[in-house]
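To start, the structure under review is shown below, and the notes come after it.
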Amino acid sequence: EDETSVEFKDKEREACLNISAAIVQDEERAKLLSKESKIDPKLILLLPFGGRPISQPKKNLHLREKFGIAANKKIGLMMGGLDHHNCYQTIIGTLNAWPQDWVLVLHGRYGIEGDLYRYLDQFTRYQNLYISHESLEKQSDLEILLGSADLGIALYDATYQSEYDGKNIKYIGMASGKIATYLQHGIPVMINEIGIL
């Protein structure tokens, strides 16, 4: 409520008056939902965010072939929404200190364009940064992308710039689709201190 308004939350509370159940990703988010939306805690079911299992993650050379990345290099992939609360600028700021055998591939959820493209353009001289501009159409495209990475990077920092990147990010918990997707595809994940995970 303190990030939106009483009127905004009142509509949500009204919509929740006669629910049979609410599904929430973890206990911390459940407590917050119960408090904010006046939902009886006994009606809340916990279900961490996750995708359907894939049969067997398959390694491939997609990113190596696309960008000409040498076989002796390891690929760190940061994908999905590239917003300030995902710390992509922080990661780029560390690239000069990365070991010689690691590179970073940034892949935006819907491609990279506009202001983000203009910002990232200043870093194209970095030998260990690759920017993927393609938009993925199908689940199988995502499997190909993830099958060519050695590490998935998922960092979160609540910026409070809008109602979406304040407490929702601070209490991301088991609600991160990015982390769940990396794990679904068998990729080690680098995260920062974000509570329950």
Side-chain angles (χ1 to χ4, degrees), residues 1-57 76-91 94 106-110 116 135-143 145-147 149 151-197:
E1 185 176 292
D2 63 345
E3 293 178 318
T4 55
S5 68
V6 173
E7 296 79 22
F8 180 89
K9 291 305 288 187
D10 279 346
K11 290 176 188 172
E12 184 177 303
R13 291 177 187 126
E14 185 179 340
C16 293
L17 282 175
N18 298 308
I19 63 169
S20 300
I23 298 173
V24 185
Q25 295 88 354
D26 58 65
E27 288 181 13
E28 189 165 26
R29 288 176 78 90
K31 286 178 197 167
L32 293 168
L33 180 68
S34 177
K35 177 183 170 204
E36 286 283 324
S37 300
K38 309 293 188 235
I39 296 173
D40 182 344
K42 294 182 202 122
L43 296 178
I44 297 178
L45 308 172
L46 300 181
L47 180 66
F49 189 90
R52 293 180 180 197
I54 56 173
S55 56
Q56 180 65 38
L77 174 65
M78 188 173 225
M79 64 166 209
L82 296 175
D83 301 297
H84 294 295
H85 68 259
N86 297 126
C87 306
Y88 72 91
Q89 292 171 314
T90 302
I91 287 293
T94 69
L106 286 177
H107 179 88
R109 177 180 289 145
Y110 306 110
L116 180 57
S135 178
L136 303 179
E137 303 292 325
K138 307 178 298 258
Q139 178 69 23
S140 58
D141 294 337
L142 184 60
E143 290 176 20
L145 178 72
L146 292 164
L151 175 72
I153 301 171
L155 306 179
Y156 293 95
D157 183 34
T159 61
Y160 298 92
Q161 293 178 351
S162 77
E163 64 268 27
Y164 304 109
D165 58 11
K167 291 178 182 173
N168 183 49
I169 298 300
K170 180 178 180 182
Y171 301 107
I172 192 79
M174 303 297 271
S176 169
K178 191 178 301 189
I179 293 172
T181 301
Y182 290 145
L183 293 173
Q184 177 190 24
H185 290 82
I187 300 172
V189 184
M190 181 180 88
I191 62 171
N192 54 331
E193 177 54 59
I194 54 173
I196 193 170
L197 284 176

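Side-chain atoms are counted along with the backbone in the values below, which use heavy atoms only and exclude waters and symmetry mates.
- Residues forming a side-chain hydrogen bond (donor to acceptor under 3.5 Å, both in side chains) with S34 (at least two apart in sequence, or on another chain): none.
- Between L146 and T181 there is a side-chain heavy-atom pair separated by less than 4.5 Å.
- No salt bridge links K170 with E28; every basic N to acidic carboxylate O contact stays at or beyond 4.0 Å.
- The line from CD1 of I194 to OG of S176 is 6.0 Å long, rounded to the nearest 0.5 Å.
- Here the shortest heavy-atom pairing between I196 and G173 reads CG2-CA, 3.3 Å.
- Taking all atoms of both residues into account, the shortest heavy-atom contact from I44 to A30 is CD1-O, 3.6 Å.
- Here OG of S162 is found 8.5 Å from CD1 of I169. Values are rounded to the nearest 0.5 Å.
- The CD atom of E27 sits 6.5 Å away from the NZ atom of K31 when rounded to the nearest 0.5 Å.
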* To do: For side chain to side chain contact (heavy atoms under 4.5 Å, CB included), just list the numbers for H107 and L136, CA-CA rounded to whole Å, side-chain angles, deciding distance to a tenth of an Å, and then say yes or no.
  => CA-CA 10 Å; H107 179 88; L136 303 179; 3.6 Å; yes
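- The distance from atom CG of L106 to atom CG of L82, rounded to the nearest 0.5 Å, is 5.5 Å.
- For the residue pair H84 and Q89, a side-chain donor N or O sits within less than 3.5 Å of a side-chain acceptor on the partner.
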* Test log, rule side chain to side chain contact (heavy atoms under 4.5 Å, CB included), inputs Y156 and L197 -> CA-CA 12 Å; Y156 293 95; L197 284 176; over 6 Å; no
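- In this structure, the side chain of S37 does not engage the main chain of I39 through any donor-acceptor pair within 3.5 Å.
- With hydrogens and angles disregarded, no donor-acceptor distance shorter than 3.5 Å links the side chain of N86 to the backbone of Y88.
- A salt bridge links K9 to E12: one of the charged nitrogens lies within less than 4.0 Å of a carboxylate oxygen.
- At distances below 3.5 Å, not a single donor-acceptor pair connects side-chain atoms of D83 with backbone N or O atoms of H85.
- Across all non-hydrogen atoms, the minimal contact from M174 to D26 is N-OD2, 2.8 Å.
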* Criterion side chain to side chain contact (heavy atoms under 4.5 Å, CB included) on D10 and R13, from CA distance to verdict -> CA-CA 5 Å; D10 279 346; R13 291 177 187 126; 3.0 Å; yes
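- The side-chain hydrogen bond (donor to acceptor under 3.5 Å, both in side chains) test applied to Q25 returns R29, not counting sequence neighbours.
- Counting non-hydrogen atoms of other residues, nucleotides and ligands closer than 6.0 Å to OH of Y160 gives a total above 12.
- For residues 152-169, every residue pair satisfying the salt bridge (charged side-chain N to carboxylate O under 4.0 Å, His left out) rule, not counting sequence neighbours, is listed here: D2-K167.
- Taken to the nearest 0.5 Å, the CD1 atom of I23 stands 12.5 Å off from the CZ atom of F49.
- Considering all non-hydrogen atoms of both residues, A154 and I179 come closest at CB-CG1, 3.5 Å.
- Between the CG atom in L45 and the OG atom in S20 there is a gap of 10.0 Å [rounded to 0.5 Å].
- When every heavy atom of G80 is checked against every heavy atom of K178, the shortest pair comes out as CA-CE, 4.4 Å.
- Within the 3.5 Å criterion, the main-chain N or O of E1 finds a donor-acceptor partner in the side chain of E36.
- The heavy-atom pair separating I153 from M190 by the smallest distance is CG2-CE, 3.6 Å.
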* To do: For side chain to side chain contact (heavy atoms under 4.5 Å, CB included), just list the numbers for I187 and V189, CA-CA rounded to whole Å, side-chain angles, deciding distance to a tenth of an Å, and then say yes or no.
  => CA-CA 6 Å; I187 300 172; V189 184; 5.6 Å; no
